[in-house]
Each structure stands twice: as C-alpha cells, then as structure tokens.
Amino acid sequence: MGRLVSVSVLGIALALLGERFLALRNRLKASREVESIDLPNCHLIKGIEAGAEDIDILPSGLAFFSVGLKFPGLHSFAPDKPGGILMMDLEEEKPRALELRISRGFDLASFNPHGISTFIDKDNTVYLFVVNHPEFKNTVEIFKFEEEENSLLHLKTIKHELLPSVNDIVAVGPAHFYATNDHYFSDPFLKYLETYLNLHWANVIYYSPNEVKVAAEGFDSANGINISPDKKYIYVADTLAHEVRVLEKQPNMNLTQLKVLQLDTLVDNLSVDPSSGDIWVGCHPNGQKLFVYDPNNPPASEILRIQNILSEKPTVTTVYANNGSILQGSSVAALYDRMLLVGTLYHRALYCEL
C-alpha cells in the first residue's frame with residue numbers, strides 16, 4: 001500500500017511539472033515565428049553593439065540609451081566592461097550616439113544599467129533615473145543631467161527591501177518614482193521557481209523620500225512602465241501574460257486597474273508619445289529564443305504601436321518586425337517627431353525616419 005501511495009504521489013508530481021512546463025512554453029510563445037515588416041529608412045546606430053535595453057527622449061530631442069546590460073541567464077555580446085548611458089541629439093542633421101561622463105564618487109566599475117526614466121523639474125533641471133544591477137543586486141540611481149558638460153552628476157543611490165528585482169522605472173518627481181519588480185524574489189533559483197509555477201507575485205512599487213509601498217500587485221512578470229501625457233494613468237507591460245495594463249493613479253499614489261489590453265507577444269518596455277498619447281512597445285515574439293540563445297536561430301524583434309488605449313477598441317499596429325537577421329531581441333521603441341529609435345536587450349539598435 002505504501003508503494004502505491006508513493007507511486008501515486010510521484011505520478012501527480014510529474015503530471016504537475018509537465019503541465020507547468022507546457023504552460024511555460026505557451027507563456028514564452030515558444031512556437032511563434034514572425035514575418036518581416038521593414039521600414040524603408042533605417043540604419044543601425046554606430047557604437048551600440050551589445051544592447052540598448054531602454055531609451056528615453058526629452059522634449060528637446062535628446063535621447064538617452066541604457067547600454068551594456070548583463071544579467072544571469074541572459075545572453076550577452078557585451079565586452080568585459082561596465083555598462084553606460086549614451087546620448088543622441090535627434091535635432092542634429094546626422095545624430096550620433098555619444099557616451100555621457102559620470103561624476104566621480106559613483107562606482108562606475110559595477111555599473112549595470114537596465115530601465116531608465118527622465119524627469120524635468122519646475123526649474124528645468126533634468127534628472128535621469130536608472131535601474132542598476134551592481135554585482136547583480138538591485139538599486140535605483142538618480143543623476144542630474146548637465147547638458148553643457150555632456151555629463152551626469154550622481155545624486156543618490158536607493159536600495160530598499162521592496163525593490164528586490166527591479167526592471168523598469170518611471171519618474172514622477174525629482175526623487176519620486178514607480179518601479180516594476182519582475183519577480184518577488186531576488187535569488188536566481190527562487191526567481192526561476194516563481195516563473196515556472198506562474199505565481200503572479202510581481203508588483204509595482206511607489207517610492208518617495210517619505211513613503212515606500214506596493215502600489216499594485218498580481219503581475220506575472222511586471223516589466224516596462226510609463227505614464228500617460230496627462231499624468232493620470234500608469235501603463236505596465238506584463239511580459240509573460242502578453243498584456244499591457246492600464247492603471248489609474250490615485251491621490252494617495254496607489255494604482256487601481258482600469259483595463260487590460262491582451263496582445264499576442266511578450267511585451268517589454270513602453271514609450272509614450274507626448275503629443276498623441278500613443279504607446280510604442282518593444283516586443284519579443286518568441287521568448288524561448290530570447291533566453292535560450294542560438295546564433296543560427298536568433299530571437300526576433302517586433303514593434304507595436306497602440307493608439308487610443310483608453311477607448312473600447314484600441315488600435316494595435318505592427319510597425320516593424322524582423323526575424324533576427326538584422327535586429328535581435330527588441331526591448332524598446334521610442335518616437336521623436338518622425339524619428340523612431342529601437343533598442344534591444346543585447347544586440348544592436350536602429351534609427352529610422354518614418
């Protein structure tokens with residue numbers, strides 16, 4: 001009888017593991033392929049060879065790139081050196097990416113930038129918020145952008161127990177932000193277990209110098225985050241759930257879910273056009289190719305444009321798609337005037353004139 005019970009328990013456990021494995025493949029869109037959709041006036045950006053995971057553009061046309069991300073379990077083309085922040089002036093006739101100097105006193109040797117966000121204060125001071133993973137830990141760095149010197153002055157490093165696995169950030173004040181945790185745990189094995197079991201423990205944190213709290217929770221893998229032009233709504237990409245959530249910002253800074261837009265791809269970073277309110281999304285058509293890298297079958301890229309997301313029937317358009325022959329692992333797309341910038345997790349970056 002004891003052996004029968006043991007065999008039954010083992011059978012149930014194996015069946016559960018099998019079901020979770022098939023569910024994970026579905027969440028990764030492991031069988032999905034894309035047909036290329038080209039844009040006519042695109043070229044690869046010189047100086048970006050190992051990823052520009054996130055991009056943020058000021059109203060003046062200055063674009064910031066987060067480059068050189070290294071992360072456990074993620075492929076990397078990056079040389080054995082720290083990551084950095086690049087800048088490109090899109091008002092120039094032939095814009096080029098230049099690396100910004102960072103002030104002394106900041107630990108450049110362990111700089112491993114991920115999501116970024118800019119904030120312009122009432123006195124026109126520009127702050128750059130950077131998710132950083134020094135030695136694969138989690139911090140948020142706040143810099144002041146000094147345009148005349150093309151440099152960043154480091155102001156503050158933020159660590160907090162509610163920020164165990166930070167992915168992206170949107171600044172809402174000079175020292176205030178919302179940030180996504182793509183996992184509840186910080187330990188790599190527990191992260192994998194959390195993903196495998198589909199626990200939906202990821203969340204969004206609100207941070208201010210006076211208060212730090214969970215603003216929204218229940219995400220599969222909270223990733224990209226951004227804010228509407230009127231500052232009333234926060235948009236969050238839930239990567240493995242293939243959706244963009246619209247959250248309404250409350251007076252106490254909590255977020256309440258307003259709607260969910262379901263998509264057929266793994267959504268990464270979100271950029272918002274300040275004039276139209278359109279959302280531009282960097283996507284991964286096939287997550288398995290992204291995490292199990294094969295140079296002969298590389299991860300594809302996909303860029304979506306979402307119009308009128310607050311309406312009953314938002315319009316979703318695939319603006320660009322590539323099977324990996326030109327661009328691998330698109331993570332962000334950002335628009336300025338008629339110029340589109342596309343960044344990737346660990347590959348190249350595109351500059352397109354629409």
Side-chain angles (χ1 to χ4, degrees), residues 20 23-24 27-29 51 53-54 66 69-76 83 112-117 129-141 158-170 177-207 212-226 234-245 247 255 257 260 263 265-271 281-284 286-288 290-292 299 329-332 343-346:
R20 289 293 84 195
L24 179 59
R27 288 157 64 212
L28 288 171
K29 296 285 182 182
E53 199 280 337
D54 203 5
S66 164
L69 175 66
K70 299 183 182 74
F71 218 63
L74 190 68
H75 183 74
S76 177
N112 192 12
H114 198 166
I116 60 174
S117 178
F129 291 64
V130 182
V131 174
N132 186 21
H133 302 294
E135 299 175 352
F136 304 130
K137 296 174 183 174
N138 293 269
T139 66
V140 172
E141 313 292 346
I158 295 169
K159 302 177 184 178
H160 198 276
E161 61 182 7
L162 288 180
L163 298 168
S165 186
V166 194
N167 188 300
D168 197 17
I169 189 168
V170 60
F177 59 83
Y178 289 99
T180 56
N181 283 307
D182 50 26
H183 292 81
Y184 178 82
F185 296 108
S186 57
D187 178 81
F189 174 75
L190 293 178
K191 281 186 176 184
Y192 177 78
L193 194 62
E194 180 184 343
T195 299
Y196 194 83
L197 296 177
N198 195 12
L199 294 180
H200 284 253
W201 288 358
N203 57 28
V204 176
I205 300 300
Y206 171 71
Y207 178 94
V212 186
K213 62 181 179 179
V214 177
E217 55 190 345
F219 297 87
D220 186 340
S221 49
N223 194 318
I225 187 169
N226 219 311
I234 296 290
Y235 307 129
V236 178
D238 196 335
T239 302
L240 293 177
H242 321 132
E243 61 192 28
V244 174
R245 296 198 198 185
L247 307 171
L255 302 172
Q257 185 167 294
V260 176
L263 300 167
T265 189
L266 280 69
V267 287
D268 201 322
N269 287 315
L270 310 173
S271 299
V281 192
C283 303
H284 308 291
N286 184 319
Q288 180 164 296
L290 187 72
F291 295 111
V292 184
S330 56
S331 56
V332 62
T344 65
L345 266 177
Y346 45 66

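Computed from heavy atoms alone, side chains included, the values below leave out hydrogens, waters and symmetry copies. Keep in mind that what you see is a predicted model, and the values were worked out from it rather than measured.
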- Mind checking salt bridge (charged side-chain N to carboxylate O under 4.0 Å, His left out) for E243 and listing every partner two or more places apart, or none if nothing turns up? R245

- H114 and N112 side chains, donor-acceptor separation under 3.5 Å: no

- Message: Minimum heavy-atom separation for S331 and T344, please, with both atom names.
- Response: OG-C, 3.3 Å

- Item | Close side-chain approach of I205 and H160, heavy atoms under 4.5 Å | no

- Query: Looking only at heavy atoms, which two atoms of A216 and L247 are closest? And how far apart?
  - Reply: CB-CD1, 4.1 Å

- Message: So, using side-chain contact (heavy atoms from CB on, under 4.5 Å) as the criterion, who are the partners of K191 when residues are at least two apart?
- Response: F71, S165, H183

- Item | Exam field: side chain N138 to backbone P164, donor-acceptor pair closer than 3.5 Å | yes

- Message: Please find the pair of heavy atoms, one from G83 and one from P113, that lie closest to each other, and give the distance.
- Response: CA-CD, 3.8 Å

- Task: Examine distances only and state if a side-chain atom of T239 and a backbone atom of V267 form a donor-acceptor pair shorter than 3.5 Å.
- Result: yes

- Taking everything shown except K137 itself, do over 12 heavy atoms lie less than 6.0 Å from its NZ? no

- Rounded distance (nearest 0.5 Å) linking atom CD1 of I225 with atom OG of S117: 9.0 Å

- Is there a side-chain contact between Y178 and V236 (heavy atoms, below 4.5 Å)? no

- pair N167-N181: side-chain heavy atoms closer than 4.5 Å: no

- Task: State whether the side chain of R27 and the backbone N or O of T195 hold a donor-acceptor pair below 3.5 Å, judged by distance alone.
- Result: yes

- Message: Contact between D268 and E53 at the side-chain level, heavy atoms closer than 4.5 Å - yes or no?
- Response: yes

- Query: What's the spacing between L190 CG and Y196 OH if we round to 0.5 Å?
  - Reply: 16.0 Å

- Query: Closest heavy-atom contact between T180 and G224?
  - Reply: CG2-O, 4.5 Å

- Task: State, yes or no, whether a side-chain contact exists between L69 and H133 at a heavy-atom distance under 4.5 Å.
- Result: yes

- State whether a side-chain donor-acceptor pair under 3.5 Å links D182 with N223. no

- Task: First locate atom CG of L240, then atom NE2 of H284, and finally report the distance between them rounded to the nearest 0.5 Å.
- Result: 10.0 Å

- Item | Exceeds 12 heavy-atom contacts within 6.0 angstrom, atom OH of Y184 | no

- List in chain and number order the residues that pass salt bridge (charged side-chain N to carboxylate O under 4.0 Å, His left out) with K29, two or more places apart in sequence or in another chain; answer none if no residue qualifies. D264

- Task: Supply the atom-to-atom distance Y346 OH to L290 CG, rounded to the nearest 0.5 angstrom.
- Result: 4.5 Å

- Query: Looking only at heavy atoms, what is the nearest atom pair of C283 and S330, with distance?
  - Reply: O-OG, 2.8 Å

- Message: Between D54 (side chain only) and I116 (backbone N and O only), is there a donor and an acceptor less than 3.5 Å apart?
- Response: yes

- Output for pair (H200 NE2, E194 CD), nearest 0.5 Å, gives 10.0 Å

- Task: Kindly give the heavy-atom pair with the smallest separation between N269 and D168, and that separation in Å.
- Result: OD1-OD2, 3.3 Å

- Message: To the nearest 0.5 Å, what is the distance between NE2 on H242 and CG on L28?
- Response: 7.5 Å

- Message: Quick check: do V214 and V204 have side-chain heavy atoms less than 4.5 Å from each other?
- Response: no

- Aromatic plane relationship, Y207 with F177 - under 30° parallel, 30 to 60° tilted, over 60° perpendicular: parallel

